[in-house]
Protein chains: 2
Amino acid sequence: MSATHTEVSAQVNGPCGDDDCGIRDVLDRIGDKWTVLVIVELSKGVRRFRELHRAIPGISQRMLTLTTRRLWRDGLVERTAHPTIPPQVEYRLTPMGRSLAEAVERLADWSRAYKDTMAHAREQWDAEHAGDA
Amino acid sequence: MSATHTEVSAQVNGPCGDDDCGIRDVLDRIGDKWTVLVIVELSKGVRRFRELHRAIPGISQRMLTLTTRRLWRDGLVERTAHPTIPPQVEYRLTPMGRSLAEAVERLADWSRAYKDTMAHAREQWDAEHAGDA
DNA sequence: CAGGATCCTAAGGGATACTG
DNA sequence: CAGTATCCCTTAGGATCCTG
């Protein structure tokens, strides 16, 4: 798997030369507490504010508002406000949003694949370092 | 959660039934400020503490210590301490760590692919909502 | 060199009350 | 219903000094 390279082949498996690529950009966007959950929920279909709120346990209206607004602003979701009484606002992923949802799903795949391995690694580490502080 | 919902296509493109899958798990691990940067740097090869410190501009020793330790504990990186004076500690990704690095790269790919589109979307949004507060 | 121990602040985010 | 507006508090993380 890993070649016997030291750091000569920095550009082999690193997609960017020596910079941090765009990784921080994505994480600044989805690294918060709720964004991905909203994205995942919206990847299932169109949702209204209230539906999102109930589908994502624990989120406050405030954070849902902030999160949806950020996604909207970034062009990841489309917001449709029906001028009815009471108001109805629908959120749906844009093509770009769906593509992000795809990438996020891959990450979720990884998580499920290695969850047990990581848990076991932690247990073992904790056991081996039981005398430290 | 609510079972009486008439959600027909809930399991179509959603990889998990109605839960949040393991997405939060991953993000709790890589969603912080430095973890991915360390992972990316280590994906280029073995690195010593100092090398990591200099390769990742802005990180403090404290955060580098915490970050590497967490990765180590989770079995994502391997830590080799040479009992020399002065000490030498090498970090390298484990197979599981490399697999995570892969997934992270995919996310970075996405970022680079849509960076401009998002920036443009934001500009437009800001322009259209210049009169709000 | 590779950390540990402390101190301290910025900000993310929760709870609650109000509004169009 | 879909938000706003405030208050408040926890905590990630920076700065600094110390050690084996």
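Below, chain A is the first sequence line, B the second, and so on; all start at residue 1.
Listed pair B:S60 / D:dG14 meets the phosphate criterion, a side-chain N or O lying under 4.0 Å from OP1 or OP2. For D:dG14, the OP1/OP2 oxygens have a side-chain nitrogen or oxygen of B:W34 closer than 4.0 Å. For D:dG3, the OP1/OP2 oxygens have a side-chain nitrogen or oxygen of A:Y91 closer than 4.0 Å.
For the pair A:L64 CG and C:dG14 P, the computed distance is 11 Å after rounding to whole Å. Straight-line distance from the NZ atom of B:K33 to the P atom of D:dT11: 19 Å, rounded to whole Å. The interatomic distance linking A:L71 (CG) with D:dG3 (C1') rounds to 16 Å, in whole Å. Nucleotide C:dG12 holds its C1' atom 15 Å from the CG atom of B:L27, rounded to whole Å. A straight line from CZ of A:F49 to P of D:dA2 spans 7 Å, rounded to a whole angstrom. The nearest whole Å value for the distance from the CE atom in B:M63 to the C1' atom in C:dG4 is 15 Å. Following rounding to the nearest Å, A:E51 (CD) and D:dG3 (P) show an atom-to-atom distance of 13 Å. In this structure, CH2 of A:W72 is placed 14 Å from P of D:dA2, rounded to the nearest angstrom.
Out of D:dG13, C:dG14, C:dC1, the shortest distance to the side chain of B:R48 is found at C:dC1. When the nucleotides D:dG14, C:dG13, D:dG3 are ranked by their closest atom to the side chain of A:V89, D:dG3 comes out on top. Side-chain proximity of A:R50 to D:dG14, D:dC1, C:dG13: nearest is D:dC1.
For B:R62 against C:dG3, no side-chain N or O and base N or O form a donor-acceptor pair under 3.5 Å.
Mapping A:P86 and A:G31 onto DNA chain C by nearest heavy atom places A:G31 closer to the 5' end of the strand. Map B:Q61 and B:L66 each onto its nearest nucleotide of DNA chain D; the residue landing nearer the 5' end is B:L66. A residue-by-residue look at A:P87 and A:R69 shows that A:P87 has its nearest nucleotide of DNA chain D further toward the 5' end.
Between B:E102 and B:R106, at least one side-chain N (NZ, or NE/NH1/NH2) sits under 4.0 Å from a carboxylate O, which counts as a salt bridge. Taking a cutoff of 4.0 Å between a charged side-chain nitrogen and a carboxylate oxygen, B:R112 and A:D25 do not qualify as a salt bridge.
Crowding of B:H120 atom NE2: a count of heavy atoms from other residues, nucleotides or ligands under 6.0 Å not exceeding 12.
With contacts defined as side-chain heavy-atom distances shorter than 4.5 Å, the pair B:W34/A:R24 does not qualify. You'll find the side chain of B:R92 stays beyond 4.5 Å of the side chain of B:L42, heavy atoms only.
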